[in-house]
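Note that ligands are numbered from 1 as they come in the structure, with each ligand's atoms numbered from 1 the same way.
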Amino acid sequence: MRSVNSDMIQAFAALDTHRSVVAKTPMRDKFSGDPERFKRFSISFRDLLLDYSKNQIDAETMPLLFALGKAAGVEAHRAAMFAGEAINKTENRSVLHIALRSLPDEIFRSGGVNVVPEVHAVLNRMAAFSDGVRSGEIRGSGGQFTDVVNIGIGGSDLGPRMACLALSPYHDGPRTHFVSNVDGADIRDVLEGLDPDRTLFLIASKTFTTVETMTNAATARAWIVERVGEEHVGAHFAAMSTATDKVKAFGMSEDRMFPFWDWVGGRYSVWSAIGLSLMIAIGPAGFSSFLGGARAMDDHFRTEPLERNLPAILGLIGVWNRNILGFPALGILPYEQRLARLPAYFQQLDMESNGKRVKVAGGATVMGHTGPLVFGEPGTNGQHAFYQLLHQGTDVIPCDFMVGAYSDAKEDYNHHALLLSNCFAQTEALMRGRTIAEAREELKGEGMAPPDIERLAPHKVFPGNRPTNTLLYKRLDPETLGMIIALYEHKIFVQGTIWGINSFDQWGVELGKALAKTLLPMVEGKQSTDGKDASTAGLIAAARLLRGG
Ligand code: F6P
């Protein structure tokens with residue numbers, strides 16, 4: 001059991017003392033005083049470069065953070081995960097999404113059993129199925145499938161949805177669509193315009209009980225039955241789940257079932273059968289490169305000392321910002337439009353993993369803060385929306401910027417150079433800021449009269465000293481995407497370890513789910529709202545009135 005030990009208390013105390021030293025020199029002065037700062041505080045792995053020099057850190061900070069990581073037992077906990085120990089203590093499960101991207105001759109054990117042969121057996125079945133769908137050998141009632149609809153939610157939706165968009169230049173299979181919300185508008189809008197004779201549905205649910213997914217799956221089934229006929233249902237559906245008995249009960253044949261295992265968390269499942277829509281879209285070879293990128297990051301994370309370890313460094317900087325400097329949020333700001341769903345994906349990965357307040361050891365409440373609020377939008381769109389607050393708001397919000405050096409467009413004109421310069425300009429502005437003297441100078445240069453300068457200058461001041469990381473990569477290909485996702489998975493692991501929480505359960509989503517079940521008959525008017533609080537009862541009554549019932 002991991003618990004706060006005296007080394008950790010000392011490490012946190014040392015960081016706390018160090019904070020006031022670091023705070024004396026703003027980042028802009030740190031840069032002008034040290035031409036080597038970028039070199040000192042950046043690290044590369046393959047085609048990824050992590051620049052963390054634009055943080056409120058100095059030469060003393062990183063050793064103190066590495067000492068904290070060591071005191072918290074990050075290395076031992078990492079070894080325990082890779083050894084397949086049941087580190088998901090509240091569910092008594094191994095945490096082995098890393099096995100999903102293993103090579104066939106590697107060994108990962110859960111409960112003493114090597115899981116790698118099973119992983120590859122399913123991957124091979126997925127590849128055969130994907131090839132069949134892509135070639136037209138596996139077909140619908142009206143011939144080759146033109147469209148694939150993934151029905152799932154949370155981890156059974158966000159990963160493949162994000163990755164399909166990110167890797168759209170690699171698509172050479174049928175079109176992919178995603179349905180997640182229980183709002184019927186979601187599935188209606190997706191189905192509109194699709195040809196039922198040529199549409200394949202993938203029902204993605206780890207538990208195969210999630211009400212949103214089961215409701216959408218039933219609607220999709222009814223749509224096929226009505227338009228194509230009951231006898232064709234089998235041809236138009238496949239399922240990905242750990243609950244094979246429930247999938248069978250739904251009426252799916254064995255060859256249309258792609259299992260995974262309870263040691264894969266939903267938000268860590270894009271590498272498993274849950275990635276089938278991605279594999280159908282980009283082909284088994286592309287999917288294999290995606291896994292390969294993650295595997296490379298796994299090897300790096302497992303073998304490198306904390307001092308040269310990208311996920312560890314990113315995680316420790318996050319702890320510095322969250323716990324020592326007290327910043328409450330984290331912006332995820334990918335500059336490529338095709339990474340538009342990455343912030344939502346990382347939001348679940350981070351907030352469902354580390355949005356916890358009870359320690360694994362002993363069930364005590366964590367002292368201090370755990371996971372930040374994670375949000376984001378693709379780069380330049382965000383600039384014209386919420387960056388105002390990032391630059392001049394009263395809260396300091398650390399942000400992770402990401403951008404590829406190359407665009408994959410054949411004729412890019414000057415789009416990509418502009419994209420890069422926007423990304424780098426924002427981190428420079430957040431770091432440097434603008435002083436009142438600089439603001440006055442600028443306005444004077446524009447020929448403004450002195451009273452107007454005095455009136456306007458305070459509004460043009462940027463405090464600066466606002467922390468950012470920049471992740472620069474060569475281009476957004478399957479391997480790079482795999483590396484970036486695994487980087488964040490392990491970063492979150494490092495932070496969860498330091499906070500002493502279980503990053504792999506999600507009890508916090510249960511209460512709302514259970515209450516929704518009890519409210520349904522009340523909303524339908526089949527049961528009275530007696531005993532409910534006045535607000536909930538009032539809302540139900542008002543909704544029933546508006547619905548005319
Ligand atoms: O939101 C809770 C959660 O359990 C997530 O962890 C999971 O990704 C999602 O629901 C979907 O669950 P399932 O894959 O079992 O349908």
Side-chain angles (χ1 to χ4, degrees), residues 87-97 100 122 126 149-164 178-183 186-187 201-221 237-250 252 256-278 341-356 370-371 373-374 485 488-489 492-493 496 501-517:
I87 62 166
N88 176 354
K89 303 266 185 208
T90 58
E91 296 177 311
N92 194 26
R93 290 176 184 166
S94 310
V95 173
L96 281 177
H97 46 279
L100 299 170
V122 175
M126 286 166 64
V149 180
N150 186 87
I151 297 182
I153 197 163
S156 299
D157 165 74
L158 289 163
R161 190 194 282 260
M162 172 277 294
C164 278
F178 294 86
V179 171
S180 53
N181 198 327
V182 77
D183 178 1
D186 196 7
I187 189 156
F201 291 95
L202 304 177
I203 312 302
S205 176
K206 181 176 169 180
T207 54
F208 229 70
T209 55
T210 305
V211 69
E212 292 89 339
T213 302
M214 293 303 109
T215 307
N216 281 319
T219 301
R221 193 181 190 284
F237 281 84
M240 303 89 88
S241 183
T242 57
T244 43
D245 44 341
K246 292 201 175 72
V247 178
K248 268 189 210 153
F250 187 87
M252 221 90 73
R256 290 300 181 96
M257 257 193 274
F258 298 92
F260 60 110
W261 306 272
D262 69 1
W263 39 260
V264 184
R267 52 195 174 275
Y268 298 87
S269 65
V270 65
W271 326 96
S272 72
I274 293 295
L276 186 58
S277 52
L278 176 65
R341 297 298 298 170
L342 192 73
Y345 178 74
F346 281 169
Q347 190 173 58
Q348 186 202 19
L349 193 64
D350 202 328
M351 294 176 76
E352 203 166 85
S353 296
N354 286 344
K356 317 258 164 86
T370 58
L373 164 77
V374 177
I485 298 172
Y488 276 78
E489 286 177 348
I492 289 162
F493 172 90
I501 54 178
N502 180 2
S503 302
F504 301 102
D505 59 14
Q506 55 284 319
W507 302 106
V509 298
E510 296 297 325
L511 181 59
K513 273 192 203 171
L515 284 176
K517 263 192 205 149

Exercise for the section: For Lys246 and Thr242, indicate whether the former's side chain and the latter's backbone hold a donor-acceptor pair under 3.5 Å. Expected result: no

Practice task
Look at atom 11 (C) of ligand 1 and say which protein heavy atom is nearest, naming residue and atom and giving the distance to 0.1 Å.
Solution key: Ile153 O, 3.2 Å

Handout entry: Donor + acceptor pair across side chains of Thr370, Asn354 (<3.5 Å)
Key = no

Handout entry: ligand 1 versus Val509: contacting region, heavy-atom distance under 4.0 Å
Key = side chain

Handout entry: 4.0 Å heavy-atom contact, Glu212 with ligand 1
Key = no

Exercise for the section: Inspect the contact between Asp505 and Lys89 and indicate whether a charged nitrogen and a carboxylate oxygen are less than 4.0 angstrom apart. Expected result: no

Exercise for the section: Note the single closest protein heavy atom to atom 5 (C) of ligand 1, along with its residue, its atom name and the distance in Å. Expected result: Glu352 OE1, 3.3 Å

Handout entry: Flag for Glu91-Trp507: side-chain donor and acceptor within less than 3.5 Å
Key = no

Fill in the blank from the handout: Nearest non-hydrogen protein atom to atom 10 (O) of ligand 1, with distance, is Lys513 NZ, 4.5 Å

Exercise for the section: Taking the side chain as every heavy atom from C-beta outward, state whether Pro160 and Phe178 have any atom pair closer than 4.5 Å. Expected result: yes

Exercise for the section: Measure the distance from atom 15 (O) of ligand 1 to every protein heavy atom, then report the residue, atom name and distance (to 0.1 Å) of the closest one. Expected result: Thr207 OG1, 2.6 Å

Practice task
For a ring-ring contact (aromatic ring centres under 6.0 Å, His included) with Tyr488, tell me which candidate from Phe493, Tyr268, Phe346 qualifies.
Solution key: Phe346

Completion exercise
In ligand 1, the atoms that come under 4.0 Å of a heavy atom of Gly155 are 7 (C), 8 (O)

Practice task
Could you tell me whether a side-chain N or O of Ser272 sits under 3.5 Å from a main-chain N or O of Ser269, the two making a donor and an acceptor?
Solution key: yes

Practice task
Would you mind running through ligand 1 and noting each atom that sits below 4.0 Å from a heavy atom of Thr210?
Solution key: 12 (O), 13 (P), 15 (O), 16 (O)

Practice task
Check each atom of ligand 1 against the heavy atoms of Ser156 and keep those under 4.0 Å away; list them by number with element.
Solution key: 13 (P), 14 (O)

Handout entry: ligand 1 to Thr213 polar contact by distance, N or O atoms, under 3.5 Å
Key = no

